[in-house]
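First the structure, in the form of structure tokens, and then the observations on it.
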Amino acid sequence: MQKTSSAAYALIAALVLVTSACATPAGSGDKADNVASGQLPSEADLTPVNTAKVRKSLVVGVDNPHYVFSEDIVVAKQKGYFKQAGIENVSIKVLDEPIPGLIGGSLDLAAADTDAIFSAAGKSRSDLRYLGVNFGEEFIGLGVRAGIDTTGDLKGRTISAGQANSRTDFNLRQLLTENKVDLDDVKVVNTGGTANNRLSAVLAGTVDGASLQLRHRRYLEDVGGKFLLERTRAVPQSGWATDRLLKESPETVAAFLTAVLKARAYIVDPGHKDEVIGLMKAAHYEIPAEYAAAYAKENAPGYHTADAGFEVADMDKFVADSIKFKTAPAGTAWRELTDLVPLWRAQKELGIPLRPVPADLS
């Protein structure tokens with residue numbers, strides 16, 4: 001999911017040797033924290049959260065003002081899931097770039113683009129670690145104005161693809177090519193800005209089409225436009241991260257993820273749409289009817305990843321693509337920048353199959 005201002009299965013019974021980055025940092029004294037360096041915990045080591053050891057107050061950053069980026073936290077607060085996990089208060093800060101706050105210590109956790117997390121973790125040599133997926137699918141859509149009904153109608157038209165040499169640009173060009181559109185027959189321009197900016201350009205007639213997002217469908221249809229081409233594919237595009245909190249209180253990280261996953265299970269049930277939107281509006285998030293219309297798809301269990309997990313092959317490809325697009329540095333070793341023990345503890349506590357499968361990380 002592109003920013004508006006711009007998201008296994010088997011338990012193991014024995015230790016599996018993998019990178020040391022996947023071991024939980026020492027600090028809380030539980031079995032899960034005493035696993036030998038370089039080894040993953042067995043099922044028995046993935047203990048329930050000890051609420052007596054959980055930090056009571058947290059500050060969490062999100063990198064997008066769109067309500068879906070904050071709804072896990074708001075719903076977990078309002079449904080009492082944080083308190084059940086031992087956390088009394090969670091404050092949300094919406095920031096274009098939350099990662100510096102993690103490294104600097106003003107934030108305890110943050111939701112941000114996966115490639116941005118890995119890039120910052122590798123460059124800063126800090127304790128910044130990736131914890132799990134927030135949005136695990138990527139929507140690629142060509143939204144067009146009224147009067148463009150077939151790919152043949154694109155000939156000679158101007159289409160905005162976002163930032164030059166970006167993932168958005170690559171995805172749109174690939175979508176056109178896959179649908180037998182000759183790129184020499186259309187004028188693909190790189191305008192920069194956010195998906196909302198591109199939508200405004202289409203609605204104003206400045207461009208004939210653009211790479212847009214699910215929440216823009218109703219805006220297009222209201223003026224006779226449409227998504228001419230679209231697809232969704234598995235991509236672990238955004239996720240949760242933390243820094244010093246993982247060493248200072250790994251119990252708190254597991255508690256946070258437990259509450260978030262419980263909230264997410266509630267959110268992805270389409271029967272809870274009206275209640276969730278009501279909770280977000282009460283928390284002062286703007287949710288126009290056009291955004292609410294996209295609820296089912298933006299909150300589908302695969303898109304807003306219900307278990308916060310991912311497939312290792314998908315992450316390998318995503319990181320390779322990020323290196324190609326230069327949004328992550330060459331040689332990014334994502335396994336060394338990831339700690340999944342808190343996620344596995346949360347998944348186990350909630351009865352969710354572990355994902356990714358621990359053995360797949362070896």
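Excluded from the calculations below are hydrogen atoms, water molecules and symmetry mates; all remaining heavy atoms, backbone and side chain alike, are included.
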Notebook entry, point to check: When the ring planes of F325 and F170 are compared, do they come out parallel, tilted or perpendicular, using 30° and 60° as the limits?
Noted result: tilted
Next item on the list: State whether E178 and R231 are salt-bridged, where the test is any N-O pair (Lys NZ or Arg NE/NH1/NH2 against Asp/Glu carboxylate O) under 4.0 Å.
Entry: yes
Margin query: Around atom CZ of R125, are there more than 12 heavy atoms from other residues, nucleotides or ligands closer than 6.0 Å?
Written below: no
Check: Does any donor atom in the side chain of T168 or S211 lie under 3.5 Å from an acceptor atom in the other side chain?
Finding: no
Margin query: Are the side chains of T232 and K297 in contact, using a 4.5 Å heavy-atom criterion?
Written below: no
Note to self: Using the rule given for side chain to side chain contact (heavy atoms under 4.5 Å, CB included), can you reason through F118 versus Y130, listing the C-alpha separation, both sets of side-chain angles and the distance that settles it, and then say yes or no?
What the structure shows: CA-CA 7 Å; F118 288 144; Y130 189 80; 3.5 Å; yes
Next item on the list: Give a yes or no on whether a salt bridge exists between R173 and D169, defined as a side-chain N under 4.0 angstrom from a carboxylate O.
Entry: yes
Notebook entry, point to check: Given side chains that start at C-beta, do those of L128 and L337 come closer than 4.5 Å, heavy atoms only?
Noted result: no
Margin query: Could you check whether any side-chain N or O of T305 sits under 3.5 Å from a backbone N or O of V133, counting only pairs where one atom can act as donor and the other as acceptor?
Written below: no
Margin query: Within the 4.5 Å heavy-atom criterion, are D113 and T327 side-chain neighbours or not?
Written below: no
Note to self: Among V207, V189, L172, exactly one meets side-chain contact (heavy atoms from CB on, under 4.5 Å) together with I159. Which residue is that?
What the structure shows: L172
Check: Any donor-acceptor pair under 3.5 Å linking the side chain of T206 with the backbone of V202?
Finding: no
Checklist line | Minimum side-chain heavy-atom gap Y266-E71 below 4.5 Å | finding: no
Note to self: Is it the case that over 12 heavy atoms from other parts of the model lie below 6.0 angstrom from the NZ atom of K56?
What the structure shows: yes
Notebook entry, point to check: Could you give the distance from CG (L261) to OG1 (T258), rounded to the nearest 0.5 Å?
Noted result: 7.0 Å
Check: Would L199 and V188 show up in the same hydrophobic cluster when neighbours are defined by side-chain heavy atoms closer than 4.5 Å?
Finding: no
Note to self: Test your reading of the model: is there a side-chain donor-acceptor pair from S119 to the backbone of A116, 3.5 Å cut-off?
What the structure shows: no
Item checked: Output field: ring centroids Y291/Y67 closer than 6.0 Å -> no
Margin query: What's the separation between atom CD1 in I267 and atom CG in D269, rounded to the nearest 0.5 Å?
Written below: 11.0 Å
Next item on the list: Could you grab the distance from atom OG1 of T191 to atom CZ of R198, nearest 0.5 Å is fine?
Entry: 6.5 Å
Notebook entry, point to check: Has the side chain of T150 got a donor or acceptor atom that lies under 3.5 Å from a matching backbone atom of G152?
Noted result: yes
Check: When rounded to the nearest 0.5 angstrom, what is the spacing between CD in E137 and CG in L214?
Finding: 10.0 Å
Item checked: Test log, rule side chain to side chain contact (heavy atoms under 4.5 Å, CB included), inputs L109 and L58 -> CA-CA 8 Å; L109 299 110; L58 297 172; 4.0 Å; yes
Item checked: Smallest separation among heavy atoms of A76 and A263, with atom names -> N-CB, 3.7 Å
Check: Is T114 reaching over with its side chain to a backbone N or O of S238, donor-acceptor style, under 3.5 angstrom?
Finding: yes
Check: Is the number of heavy atoms from other residues, nucleotides or ligands within 6.0 Å of NZ (K324) greater than 12?
Finding: yes
Using a 3.5 Å cut-off and no angle test, enumerate the donor-acceptor pairs between side-chain atoms of residues 80-91 and protein atoms at least two apart in sequence or in another chain.
{"unit_1": "Q84", "atom_1": "OE1", "unit_2": "K262", "atom_2": "NZ", "d": "2.9"}

Checklist line | V319 vs D115 side-chain heavy atoms within contact, under 4.5 Å | finding: no
Item checked: Heavy-atom closest contact (S126 atom, D243 atom, distance) -> OG-OD2, 3.3 Å
Next item on the list: Taking only Lys NZ, Arg NE, NH1 and NH2, and the carboxylate oxygens of Asp or Glu, determine whether R55 and D108 approach each other closer than 4.0 Å.
Entry: yes
Notebook entry, point to check: Is the shortest side-chain N to carboxylate O distance from E290 to R217 below 4.0 Å?
Noted result: no
Note to self: Please report the interatomic distance CG(N197) to CG(L212), rounded to the nearest 0.5 Å.
What the structure shows: 11.0 Å
Note to self: Could you check, using the six-membered ring where one of them is a Trp, whether W240 and F256 have ring centers closer than 6.0 angstrom?
What the structure shows: yes
Next item on the list: Using a 4.5 Å cut-off on heavy atoms from C-beta on, say whether the side chain of E311 contacts that of K317.
Entry: no
Item checked: Common cluster, Y295/Y303, ILVMFWY with side-chain heavy-atom separation under 4.5 Å -> yes
Margin query: Quick check: F139 with F227 (ring centres under 6.0 Å apart)?
Written below: yes
Next item on the list: Check whether any side-chain N or O of E251 sits under 3.5 Å from a backbone N or O of T51 as a donor-acceptor pair, and report yes or no.
Entry: no
Checklist line | Main-chain N/O of L245 paired with S249 side-chain donor or acceptor, under 3.5 Å | finding: no
Notebook entry, point to check: Same hydrophobic cluster for V144 and L203, using side-chain heavy-atom links shorter than 4.5 Å among ILVMFWY?
Noted result: no
Margin query: So which atom in P329 and which in T332 form the shortest heavy-atom distance, rounded to 0.1 Å?
Written below: O-OG1, 2.5 Å
Next item on the list: Using only heavy-atom distances, determine whether the side chains of T242 and R129 contain a donor-acceptor pair under 3.5 Å.
Entry: no
Notebook entry, point to check: Is the closest side-chain heavy-atom distance between V312 and R335 below 4.5 Å?
Noted result: yes
Check: Just how far is it from atom CG of D307 to atom CZ of R264, taken to the nearest 0.5 Å?
Finding: 8.5 Å
Next item on the list: Go through the steps for E97 and D63 under the test side chain to side chain contact (heavy atoms under 4.5 Å, CB included), then give the verdict.
Entry: CA-CA 6 Å; E97 301 292 342; D63 66 348; over 6 Å; no
Next item on the list: Going by the side-chain contact (heavy atoms from CB on, under 4.5 Å) test, name the single residue among N179, V186, D208, D182 that passes it with L154.
Entry: V186
Next item on the list: Find out if a path of hydrophobic residues (ILVMFWY) with successive side-chain heavy-atom gaps under 4.5 Å connects Y219 to L142.
Entry: no
Notebook entry, point to check: Should L340 and T338 be marked as a side chain to side chain contact (heavy atoms under 4.5 Å, CB included) after you check the CA-CA gap, both sets of side-chain angles, and the distance that decides it?
Noted result: CA-CA 6 Å; L340 296 172; T338 301; 3.5 Å; yes
Notebook entry, point to check: Does N299 use its side chain to pair, donor to acceptor, with the backbone of A296 at less than 3.5 Å?
Noted result: no
Checklist line | Closest non-hydrogen atom pair between A161 and N190, with its separation | finding: CB-ND2, 4.0 Å
Check: Could R167 and E138 be called an ion pair, given the rule that one side-chain N must be under 4.0 Å from one carboxylate O?
Finding: yes
Check: Within a reach of under 6.0 Å around NZ of K273, are more than 12 heavy atoms found that belong to other residues, nucleotides or ligands?
Finding: yes
Notebook entry, point to check: Below 4.5 Å, heavy atoms only, C-beta onward: do K93 and L107 meet side chain to side chain?
Noted result: yes
Check: Do you know the tightest heavy-atom contact between A120 and I99?
Finding: CB-CG2, 3.5 Å
Notebook entry, point to check: Does I287 belong to the same Ile/Leu/Val/Met/Phe/Trp/Tyr cluster as V94, with side-chain heavy atoms less than 4.5 Å apart forming each link?
Noted result: yes
Notebook entry, point to check: Considering all heavy atoms of both residues, which atom of D314 and which atom of P236 are nearest to each other, and what is their separation?
Noted result: O-CD, 3.9 Å
Next item on the list: Would you kindly say whether H66 and Q213 are connected by a side-chain donor-acceptor distance under 3.5 Å?
Entry: no
